[in-house]
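Below, read A as the first sequence line, B as the second, and so on, with proteins coming before strands; counting in each chain starts at 1.
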Amino acid sequence: MSDMTDDSLRELYQEVILDHSKHPRHFGPLEHATHNAHGYNPLCGDRITVHLVLGADGRIAHIKFEGRGCAISQASASLMTDMLTGRTAAEAEKLMDGFLHLVKGEEGVTGLGDDDLETLQVMAGVSAFPMRVKCATLAWHTMKSALEGGSRSNEPAKTE
Amino acid sequence: MSDMTDDSLRELYQEVILDHSKHPRHFGPLEHATHNAHGYNPLCGDRITVHLVLGADGRIAHIKFEGRGCAISQASASLMTDMLTGRTAAEAEKLMDGFLHLVKGEEGVTGLGDDDLETLQVMAGVSAFPMRVKCATLAWHTMKSALEGGSRSNEPAKTE
Amino acid sequence: MSFIPPIDDFPILAKPVNGKRLAYLDSAASAQKPKAVLDAMTEFATTDYSNVHRGVHHLAARATERYEAARVDVAHFLNAKSSDEIIFTKGGTESLNLVSYAFLSPRISAGDEIVLTKMEHHSNIVPWHFMRERKRAVLKWVDVREDGSVNPPAVAAAITPKTKLVAISHMSNVLGTITPLKEIIQIAHAKGVPVVVDGCQGAVHETVDVQDLDADFYAFTGHKLYGPTGIGVLYGKRAHLKTMRPFQGGGEMIGEVTEDKITYAEPPHRFEAGTPPIIEAVGLAAAIKYLKQFDRAAIKAHELDLYQYARDQVRRLKWVRVIGEAPDKGAILSFETTAMHAHDVATILDGEGVAVRAGHHCAQILMERFNVASTTRASFGLYNTREDVDALIVGLEKARSILV
Amino acid sequence: MSFIPPIDDFPILAKPVNGKRLAYLDSAASAQKPKAVLDAMTEFATTDYSNVHRGVHHLAARATERYEAARVDVAHFLNAKSSDEIIFTKGGTESLNLVSYAFLSPRISAGDEIVLTKMEHHSNIVPWHFMRERKRAVLKWVDVREDGSVNPPAVAAAITPKTKLVAISHMSNVLGTITPLKEIIQIAHAKGVPVVVDGCQGAVHETVDVQDLDADFYAFTGHKLYGPTGIGVLYGKRAHLKTMRPFQGGGEMIGEVTEDKITYAEPPHRFEAGTPPIIEAVGLAAAIKYLKQFDRAAIKAHELDLYQYARDQVRRLKWVRVIGEAPDKGAILSFETTAMHAHDVATILDGEGVAVRAGHHCAQILMERFNVASTTRASFGLYNTREDVDALIVGLEKARSILV
Ligand SMILES: Cc1ncc(COP(=O)(O)O)c(C=O)c1O
Ligand SMILES: Cc1ncc(COP(=O)(O)O)c(C=O)c1O
């Protein structure tokens, strides 16, 4: 891990992130959800629930999330709901993979459009904080398990 | 532990000890034994059985022992049978304690007659070899448990 | 203060973190190790090392002597009656599991009860959950008061004729609460119930006398006591140990092994299967020796001074809620921050060189009890100073400025 | 010989014993540690130490990285498919007990059978005796040949539809026998029976490839591999680990804990309750790195050369009987001496600075099989030389002159 600098801290907690975390988009319950999943980060105790409606056209019509967590996990969840609404499951899958690569600081995030890459970029600061990667990925892992049919209640989504 | 010298080795394996170990006194089974006990040294696998006849006068009339072991344990057992024959249980107890003190190199072996002390002295060399103390004490512990009524077969005499 | 923190004994504290002076406020998770401990381990490994017990050669004798001498040192440290009552384990967690597997499991049946408090660490919870899952035992939870203190009558009320064990920590790793152990043990014993004490924090901050406490079992862990990882201790009353079946099986713990029969060694060896943590035992003895050179009451006063200094300043920050203010408590400060999550706070503190823990601290039941998902925890060791506290406060203000 | 024993890497070997040059021939009990291992541990403890996993601060991140990197190093060392298949334990003995408690115990019932050989170490016997005592399982003993080799058809013959596990060592700590593991595992798998391998000696002297072997479980211990005490490894196939219940309970191994419910973490963490041997994991990684700088085949050739050199000379002494001369064996020389007990021999050898083991070597069943109470054992490590063997022979002659 490279030493943390004020710069990397400011990048991590940049305006967009704090805005998402303080004013999360699509927060709350979702009636008539077709898919739900519960995620849990055993390292810190944070929980999240993701609800979504998968339309007849194969696209994600609505996403909402509930739960409490740190700024990173809340912002990440909020950003995710923004980004994945309107996508097909396959498109969502590709975005999720891109996101996971990005926050782990791995090379070769490919196959994403420039717009998506730019939007995701606000989360890139996490990669300088390996112990926070699980915070950033919790919502996305939970989304994944929702799309895969929802996790059973005694087996929360893994965070990595 | 002080460094081992040739002298202390020669004292350990002195003539009397080797003679006892090669020609153990009172070796073999004993018919009509009133007390028996089985001893086992889990560190090396040596076993010993002690048989004795406690007379109506409260004195140990006969002792015999069986089993295999190192020179130290064989000599110690042989010497013990020599020394304890004819003693009362209380006298034997006192001798055993004196012996245990001696081989552990502890101060203050008291309450023993000069003759007994002199006889025991041949085992004093063991105290320079802490890892061999259990070899020297096996027979005596087994004797003790024989006098106390004999150890049950699944609970061999402890060696320390 | 009469106690001067021996900072120079701890080389790691001199290394800057993120370009800042390190303020290590995470000793409740694990303490840093003085040079004396590391040196003792290296010295032993380069001078006297060998496997123990089974050898007759010089190094085996020396290693065995030093390993067994460490057992005697631990016995003195806890004021045990005999070193035969000291079992070396791999850590505090294994010590508690040993009680669960070797003592409780054969004695407990469906419907029997285990009493424990809501402030227990997972290591003093999960082994009893196993008894619930596997033996259909019932867990009886004793609540703590709002200030985090334990109420002995509440423990008494939880004990029934079906209670087979009381499991309780000497000191909470979240609240800092020090349990009125002696009173609770008397209550339990009056009802014929044995008590296992989780002393993983207690042994570090309190002077332990297992005979005076009359504890049936007392568990602690090496790495929080300024000692190495990979070693822990279980004290058990000889009368209990004698009647217990083995936990793990292997070398050293047997009497005789045949194809269809087996006998076991006497305690403590019965419970030390396989090659024990030999170098670690020497390191633990060195840690105990290191501590002994100080007046432990002075260390405690020093740590509590830091705690109070920190708490008083933190209280002045209106957006901080301190959790755990029992009248009798050790130097652990847990708090919640309004509108800031503990993880974010800890990350920003880290940027200032201040190491704290954030999360549930392996105490999810307690988090539930205080209705928080996680807390930020600053915990103090003998090497901490007011400078560390000052850095904490500066860092908290900075977190506020960045996050809110 | 292309391999030059790196004696200078091992400070302890330079220290005279009883005024004599130390000939350490007891590496099968425990190996000495190179300076590189001790230095790595000290360096870690003075630079990056903290508890792992639960912290977000810099030291916690560094410690976690190094602990998890050690897991990856071990995975490569065994050629495991994934580091998730590597569990850190406190030693080889605990690794085998983990299989007994977490894998076998819930799967075995009265009358079910466990197949094992007569040359197993107590650590690969006692955990199965527990299943006999507690579950009324049946132990099926496979004899070894007179030369100490294992006969795969004999293993095949012992397996019945009731067999739930085959437990076998990769290399015997007494006979030096190397087991035809791959063949035996194929035989067992053909009958649907999983195999646990005790690799405490094998991992030291053989190159292990768990995927090629197709082993279900492979256990080894750190201190025999030139690494620290207090750490061991269990490799387990992911498919098995996934279905296994936890062994010990505590911090790190849970998912969620509530008052009346509990879920567990995924492997490998499910099996690592409490603070793991963190510093020891770094030390084990350093030991593996140390070994890696050499050609392991060259080490093996060197050790076997010493073994053969010793065996040939010992054979010339008419009063020595060598036990264990399997065609495929590692560098361990066990023997019986006529009219001299192993303990006396070892004591006199020690006077010459020669460290050997005497006793049953935690293999009482094997002693019974060869009808000896104990043997003298010289075992070789990468630091041994022909000079050590010469000292052994001189010492044996001296023992004869003193004792007979
Ligand atoms: C109160 C308490 N109990 C038990 C433990 C477990 O100790 P270890 O993780 O060393 O096994 C800890 C520390 O993690 C603790 O703080
Ligand atoms: C073959 C074998 N198996 C198992 C063990 C047990 O290893 P440990 O004592 O390190 O747990 C040993 C060494 O004592 C051994 O030689």
Q: Tell me which of these, A14(D), G55(D), S50(D), A31(D), has more heavy-atom pairs under 4.5 Å with chain C than the rest.
A: G55(D)
Q: Against chain C, label D48(D) side chain, backbone, both or neither, depending on which of its atoms sit under 4.5 Å from a heavy atom there.
A: backbone
Q: Can you tell which of T258(C), D39(C), L13(C), V257(C) has the highest number of heavy-atom pairs within less than 4.5 Å of chain D?
A: V257(C)
Q: I'd like to know if R66(D) and E43(D) make a salt bridge, using a cut-off of under 4.0 Å between side-chain N and carboxylate O.
A: yes
Q: Is there a donor-acceptor pair under 3.5 Å between the side chain of W128(C) and the backbone N or O of I114(C)?
A: no
Q: Let me know if I278(D) has heavy atoms under 4.5 Å from chain C in its side chain, its backbone, both or neither.
A: both
Q: Using non-hydrogen atoms and a 4.5 Å limit, figure out which bit of P246(D) sits close to chain C: side chain, backbone, both or neither.
A: both
Q: Should the pair F88(D) and Y67(D) be assigned to parallel (<30°), tilted (30 to 60°) or perpendicular (>60°) ring geometry?
A: tilted
Q: Heavy-atom cut-off 4.5 Å, strictly under: side chain, backbone, both or neither for N51(D) against chain C?
A: both
Q: For chain D, find which of M41(C), E133(C), H343(C), H121(C) contributes the most heavy-atom pairs closer than 4.5 angstrom.
A: E133(C)
Q: Among G353(D), G92(D), P11(D), A363(D), which residue has the highest count of heavy-atom pairs closer than 4.5 Å to chain C?
A: P11(D)
Q: Sort L96(D) into side chain, backbone, both or neither according to what part of it lies under 4.5 angstrom from a heavy atom of chain C.
A: neither
Q: Under 4.5 Å, counting heavy-atom pairs only, tell me which of I254(D), T42(D), V138(D) racks up the most with chain C.
A: I254(D)
Q: Side chains of R245(C) and F130(D): does their closest heavy-atom pair fall under 4.5 Å?
A: no
Q: What part of K35(D) is in contact with chain C, defined as an atom under 4.5 angstrom from a non-hydrogen atom: side chain, backbone, both or neither?
A: neither
Q: Any idea which of D260(D), L22(D), L349(D), L139(D) has the most non-hydrogen atom pairs under 4.5 angstrom with chain C?
A: D260(D)
Q: Would you check if the side chain of E280(C) reaches a backbone N or O of P228(C) as a donor-acceptor pair within less than 3.5 Å?
A: no
Q: Is any side-chain heavy atom of W141(D) closer than 4.5 Å to a side-chain heavy atom of T117(D)?
A: no
Q: Taking side chain as everything from C-beta outward and backbone as N, CA, C, O, which of these in V52(D) sits under 4.5 Å from a heavy atom of chain C? Side chain, backbone, both or neither.
A: backbone
Q: May I ask you to name which of K15(D), M253(D), H223(D) has the most heavy-atom pairs under 4.5 Å with chain C?
A: H223(D)
Q: Just so I understand: if I count every heavy-atom pair under 4.5 Å between each of R134(C), K224(C), K118(C) and chain D, which residue has the most?
A: R134(C)
Q: Side chain of Q32(D), backbone of Y49(C): donor and acceptor closer than 3.5 Å?
A: yes
Q: Quick check against the 3.5 Å criterion: does E252(C) have a side-chain atom that pairs as donor or acceptor with the backbone of E272(C)?
A: no
Q: For R132(D) and A137(D), indicate whether the former's side chain and the latter's backbone hold a donor-acceptor pair under 3.5 Å.
A: no
Q: Examine distances only and state if a side-chain atom of K33(D) and a backbone atom of G227(D) form a donor-acceptor pair shorter than 3.5 Å.
A: yes
Q: Could you tell me whether Y264(C) and F247(C) have their ring centroids closer than 6.0 angstrom?
A: no
Q: Between A281(C), A273(C), G359(C), A358(C), which shows the greatest number of heavy-atom pairs under 4.5 Å with chain D?
A: A273(C)
Q: In terms of heavy-atom proximity below 4.5 Å to chain C, should V37(D) be classed as side chain, backbone, both, or neither?
A: neither
Q: Heavy-atom cut-off 4.5 Å, strictly under: side chain, backbone, both or neither for I262(D) against chain C?
A: both
Q: Between E368(D) and chain C, with a heavy-atom cut-off of 4.5 Å, which part of the residue counts as in contact: side chain, backbone, both or neither?
A: neither
Q: For E94(D), is it the side chain, the backbone, both or neither that has a heavy atom under 4.5 Å from a heavy atom of chain C?
A: both
Q: Please say which of H129(C), H360(C), H361(C) ends up in a ring pair (Phe, Tyr, Trp, His ring centres under 6.0 Å) with H122(C).
A: H360(C)
Q: Checking I279(D) against chain C: side chain, backbone, both or neither under 4.5 Å from a heavy atom?
A: both
Q: Highest number of heavy-atom pairs under 4.5 Å with chain C: which of T229(D), V354(D), V126(D), T93(D)?
A: T229(D)
Q: Between Y101(D) and chain C, with a heavy-atom cut-off of 4.5 Å, which part of the residue counts as in contact: side chain, backbone, both or neither?
A: side chain
Q: Return yes if some donor-acceptor pair links the side-chain N/O of S379(C) with the main-chain N/O of S27(C) below 3.5 Å, else return no.
A: yes
Q: Do the side chain of S100(C) and the main chain of P127(C) share a donor and acceptor less than 3.5 angstrom apart?
A: yes
